[in-house]
Amino acid sequence: MYTILNRVGRLIEITIRSPVSLDEAVRWQRDHDAAVAKVAGPYVCFVDVVDATVFPPEVADAYVATMRNEPRLLRTGILLNEDHVLSLQVQRMIREGNAPTRRTFRAARELETWLGEVLTPAERARLDQRLGERGLKSGPA
């Protein structure tokens with residue numbers, strides 16, 4: 001299951017929960033591209049995979065294909081859970097996607113600080129709200 005939202009400015013909010021099928025990953029690519037197309041200029045992604053487990057190889061490959069084709073991406077912050085295998089998989093996906101503007105985090109506060117460097121005040125407020133809605137806030141920023 002996934003959601004892709006663009007509620008404020010250039011901030012694309014992505015949530016991915018397991019299990020994820022290849023068909024769903026293909027739909028995700030289409031929906032991702034449609035959300036990004038609505039943003040003029042560079043965009044920033046917040047990706048929440050806290051409720052995900054390791055992706056099947058074909059699903060990971062589908063995500064990497066999208067990652068390779070994001071010339072307007074300014075930054076992506078990926079919030080992980082404590083699963084070390086998922087963390088290793090996501091790190092590999094970032095490398096294979098040739099995506100140096102992406103970083104992974106286990107602490108919401110650190111992610112919020114890093115993405116906040118390039119977000120507008122309204123986008124920062126939305127990210128803060130989103131993290132709060134998910135119960136992912138780790139204390140005052």
Side-chain angles (χ1 to χ4, degrees), residues 1-56 58-141:
M1 185 179 99
Y2 68 91
T3 60
I4 301 175
L5 305 169
N6 173 233
R7 292 191 174 165
V8 177
R10 306 164 302 147
L11 180 62
I12 305 291
E13 305 168 41
I14 300 170
T15 303
I16 302 172
R17 293 181 176 95
S18 292
V20 180
S21 68
L22 179 57
D23 287 342
E24 191 171 28
V26 170
R27 286 191 310 273
W28 177 89
Q29 288 174 312
R30 182 196 63 228
D31 293 347
H32 169 276
D33 292 348
V36 167
K38 293 177 183 176
V39 176
Y43 60 93
V44 178
C45 289
F46 161 62
V47 181
D48 173 357
V49 293
V50 171
D51 295 326
T53 57
V54 174
F55 302 113
E58 63 275 7
V59 169
D61 291 345
Y63 289 144
V64 169
T66 299
M67 294 167 74
R68 287 186 179 132
N69 187 28
E70 295 190 274
R72 295 186 301 122
L73 178 67
L74 186 58
R75 245 181 219 191
T76 295
I78 304 167
L79 191 58
L80 299 168
N81 55 36
E82 295 299 320
D83 183 339
H84 292 289
V85 178
L86 177 64
S87 177
L88 289 171
Q89 183 184 45
V90 172
Q91 290 294 337
R92 178 189 58 78
M93 291 166 62
I94 289 171
R95 279 191 311 277
E96 288 180 7
N98 193 24
T101 60
R102 292 181 176 87
R103 289 193 189 167
T104 61
F105 300 87
R106 284 206 169 90
R109 185 176 182 176
E110 293 173 9
L111 176 142
E112 194 170 21
T113 298
W114 187 69
L115 284 182
E117 293 174 1
V118 297
L119 297 176
T120 67
E123 293 163 347
R124 281 194 302 272
R126 173 58 196 155
L127 179 60
D128 182 68
Q129 177 186 14
R130 176 72 177 79
L131 292 168
E133 289 169 358
R134 285 276 287 130
L136 298 172
K137 292 293 289 183
S138 57

- [ ] Applying side-chain contact (heavy atoms from CB on, under 4.5 Å), name anything that partners Pro56, two or more places apart in sequence or on another chain.
- [x] Glu58, Val59
Task: Side-chain (Asn81) to main-chain (Ala52) donor-acceptor, under 3.5 angstrom - done: yes
Open item on the list: Please enumerate all residues that pass side-chain contact (heavy atoms from CB on, under 4.5 Å) together with Arg124, with sequence neighbours excluded.
Closed with: Leu119, Pro121
TODO: Would you please name every residue forming a side-chain hydrogen bond (donor to acceptor under 3.5 Å, both in side chains) with Arg103, sequence neighbours left out?
DONE: none
Task: Separation of Asp61 CG from Met67 CE (nearest 0.5 Å) - done: 11.5 Å
Open item on the list: I'd like to check Arg75 versus Trp114 (side-chain heavy atoms, cut-off strictly below 4.5 Å). Are they in contact?
Closed with: yes
- [ ] Ignoring hydrogens and angles, tell me if any N or O in the side chain of Arg72 forms a donor-acceptor pair with the backbone of Val36 under 3.5 Å.
- [x] yes
Open item on the list: Between Phe105 and Glu112, is the side-chain contact (heavy atoms from CB on, under 4.5 Å) condition met? List the steps.
Closed with: CA-CA 10 Å; Phe105 300 87; Glu112 194 170 21; over 6 Å; no
TODO: Of all the heavy-atom pairs spanning Pro42 and Leu74, show the shortest one and how long it is.
DONE: CB-CB, 4.2 Å
- [ ] Evaluate the side-chain proximity of Leu111 to Phe46: yes if any heavy-atom separation is below 4.5 Å, no if none is.
- [x] yes
Task: Geometric class of the Tyr63/Trp28 ring pair [parallel <30°, tilted 30-60°, perpendicular >60°] - done: perpendicular
TODO: Enumerate the residue pairs fulfilling side-chain hydrogen bond (donor to acceptor under 3.5 Å, both in side chains) with a member in residues 39-49, sequence neighbours excluded, ordered by first and then second residue.
DONE: Tyr43-Glu70, Asp48-Arg134
Open item on the list: Taking side-chain contact (heavy atoms from CB on, under 4.5 Å) as the definition, give me every residue that meets it alongside Thr3, ordered by chain and number, with sequence neighbours left out.
Closed with: Thr15
Task: Selection residues 5-14 - residue pairs positive for salt bridge (charged side-chain N to carboxylate O under 4.0 Å, His left out), sequence neighbours left out - done: Arg10-Glu123, Glu13-Arg126, Glu13-Arg130
- [ ] Using salt bridge (charged side-chain N to carboxylate O under 4.0 Å, His left out) as the criterion, list what pairs up with Arg17, not counting sequence neighbours.
- [x] Asp51
Open item on the list: Taking the side chain as everything from C-beta on, heavy atoms only, tell me whether Arg68 gets closer than 4.5 Å to Asn98.
Closed with: no
Table please: side-chain donor-acceptor pairs of residues 83-96 below 3.5 Å, with sequence neighbours left out.
{"from": "Asp83", "atom 1": "OD1", "to": "Val85", "atom 2": "N", "distance (Å)": "2.9"}
{"from": "Asp83", "atom 1": "OD1", "to": "Leu86", "atom 2": "N", "distance (Å)": "3.1"}
{"from": "His84", "atom 1": "ND1", "to": "Arg106", "atom 2": "NH2", "distance (Å)": "3.4"}
{"from": "Gln89", "atom 1": "OE1", "to": "Phe55", "atom 2": "N", "distance (Å)": "2.8"}
{"from": "Gln89", "atom 1": "NE2", "to": "Phe55", "atom 2": "O", "distance (Å)": "2.8"}
{"from": "Gln91", "atom 1": "NE2", "to": "Thr104", "atom 2": "OG1", "distance (Å)": "2.5"}
{"from": "Arg92", "atom 1": "NH1", "to": "Glu96", "atom 2": "OE1", "distance (Å)": "2.8"}
{"from": "Arg92", "atom 1": "NH1", "to": "Glu96", "atom 2": "OE2", "distance (Å)": "3.0"}

TODO: Can you see which heavy atom on Ile4 is nearest to which on Ala35, and at what distance?
DONE: CG2-CB, 3.6 Å
TODO: Sequence neighbours left out, what passes side-chain contact (heavy atoms from CB on, under 4.5 Å) with Asp33? Give chain and number order.
DONE: Thr66
- [ ] Could you pull out all residues at least two apart from Ser21 that satisfy side-chain hydrogen bond (donor to acceptor under 3.5 Å, both in side chains)?
- [x] none
Open item on the list: So, taking the atom named CG in Asn6 and the one named CD1 in Ile14, what distance separates them when rounded to the nearest 0.5 Å?
Closed with: 10.5 Å
